[in-house]
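Take a look at the structure below.
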Amino acid sequence: QVQLVESGGKLVQSGGSLRLSCTSSGRTSNGYAMGWFRQAPGKEREFVAGISWSRPTAYYGDSVKGRFTITKDNAKNTLYLEMNNLKPADTAVYYCAAKDGPGIYQESSMYTFWGQGTQVTVSS
């Protein structure tokens with residue numbers, strides 16, 4: 001089992017920045033991938049960004065490319081999402097997710113472990 005705990009969500013003004021963190025514990029290894037998803041009210045869960053724990057390559061959803069950056073600190077077992085130039089459309093609950101294997105997928109069904117989510121609200 002892998003436990004994921006997100007933090008960092010809050011109310012921010014449009015154009016502002018925010019950093020989310022996700023700390024993992026439990027069964028961890030270098031052979032898994034992690035990602036950030038988000039879900040706004042009435043909408044499906046959306047892939048935001050993903051990264052393999054053992055590889056530096058990151059992938060992003062089209063709506064956040066150039067504004068969001070996903071990074072990881074292997075020593076701290078922590079995943080980050082740096083969000084810049086935030087827009088009201090970024091308002092959502094942001095979830096951290098993990099899966100076995102290094103492959104990164106945009107489908108939420110491919111991820112086995114999920115955090116509880118953290119609310120990000122961007123005011124106009």
Side-chain angles (χ1 to χ4, degrees):
Q1 289 291 329
V2 175
Q3 292 78 43
L4 304 173
V5 179
E6 305 98 333
S7 62
K10 65 178 183 180
L11 174 65
V12 63
Q13 288 189 337
S14 181
S17 298
L18 200 59
R19 188 178 78 162
L20 304 182
S21 300
C22 172
T23 302
S24 63
S25 61
R27 178 178 65 83
T28 58
S29 70
N30 287 327
Y32 67 99
M34 295 188 72
W36 288 99
F37 288 77
R38 67 185 183 185
Q39 190 166 17
K43 295 189 177 181
E44 294 185 354
R45 193 162 293 191
E46 175 189 15
F47 174 79
V48 175
I51 191 168
S52 292
W53 206 249
S54 59
R55 302 173 183 173
T57 305
Y59 297 89
Y60 298 92
D62 290 339
S63 61
V64 305
K65 284 180 181 177
R67 299 189 298 122
F68 291 11
T69 303
I70 186 172
T71 59
K72 55 185 176 63
D73 185 329
N74 291 34
K76 295 182 178 180
N77 285 332
T78 301
L79 183 73
Y80 301 100
L81 183 68
E82 188 75 36
M83 305 185 292
N84 297 311
N85 191 22
L86 283 161
K87 306 173 182 180
D90 296 316
T91 296
V93 177
Y94 283 71
Y95 296 92
C96 175
K99 58 173 289 292
D100 289 316
I104 299 168
Y105 299 89
Q106 297 196 16
E107 296 79 10
S108 60
S109 60
M110 298 298 293
Y111 294 77
T112 305
F113 307 103
W114 292 86
Q116 82 287 351
T118 186
Q119 176 70 48
V120 173
T121 303
V122 184
S123 64
S124 58

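Heavy-atom basis, side chains included; hydrogens, waters and symmetry copies ignored. As the structure is a prediction and not an experimental result, all values here were calculated from the model.
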Student check: side-chain heavy atoms of [X] and [Y] closer than 4.5 Å:
| X | Y | result |
| --- | --- | --- |
| S7 | T118 | no |
| M83 | V120 | yes |
| S123 | L11 | yes |

### Message
By the disulfide (SG to SG under 2.5 Å) test, which pairs, at least two apart or in different chains, include something from residues 45-82?
### Response
none
### Message
Strictly by disulfide (SG to SG under 2.5 Å), give each pair with a member in residues 56-124 just once, sequence neighbours left out.
### Response
C22-C96
Looking only at heavy atoms, what is the nearest atom pair of [X] and [Y], with distance?
| X | Y | result |
| --- | --- | --- |
| S17 | V12 | O-CG2, 4.0 Å |
| G115 | Y95 | O-CD2, 3.7 Å |
| F68 | V48 | CD2-CG1, 3.7 Å |

Restricting to side chain to side chain contact (heavy atoms under 4.5 Å, CB included), what partner residues turn up for [X], sequence neighbours left out?
| X | value |
| --- | --- |
| Q116 | V5, E6 |
| K99 | A33, Y105, Y111 |
| Q119 | T91, V93, T121 |
| T69 | Y60, T71, E82 |

Output the distance between atom [atom1] ([X]) and atom [atom2] ([Y]), rounded to the nearest 0.5 Å.
| X | Y | atom1 | atom2 | result |
| --- | --- | --- | --- | --- |
| I70 | T57 | CD1 | OG1 | 12.0 Å |
| Q1 | T112 | CD | OG1 | 9.0 Å |
| D100 | M110 | CG | CE | 11.0 Å |
| N77 | T23 | CG | OG1 | 8.5 Å |
| D62 | F47 | CG | CZ | 10.0 Å |

Could you go through residues 34-43 and list every donor-acceptor pair under 3.5 Å that involves a side-chain atom there, pairing it with any protein atom two or more places apart or in another chain?
from	atom 1	to	atom 2	distance (Å)
W36	NE1	Y80	O	3.4
R38	NE	E46	OE1	2.8
R38	NH1	D90	OD1	2.8
R38	NH1	Y94	OH	2.9
R38	NH2	E46	OE1	3.4
R38	NH2	S63	OG	3.2
Q39	OE1	R45	NE	3.2
Q39	OE1	R45	NH2	3.2
Q39	NE2	K43	O	3.1

### Task
For N85, enumerate each residue passing the side-chain hydrogen bond (donor to acceptor under 3.5 Å, both in side chains) test, keeping only those at least two apart in sequence or located in another chain.
none
#### Entry: Common cluster, L4/I104, ILVMFWY with side-chain heavy-atom separation under 4.5 Å
no
### Message
Test of understanding: clusters of I, L, V, M, F, W, Y form through side-chain heavy atoms closer than 4.5 Å, transitively. Do I51 and W114 belong to the same one?
### Response
no
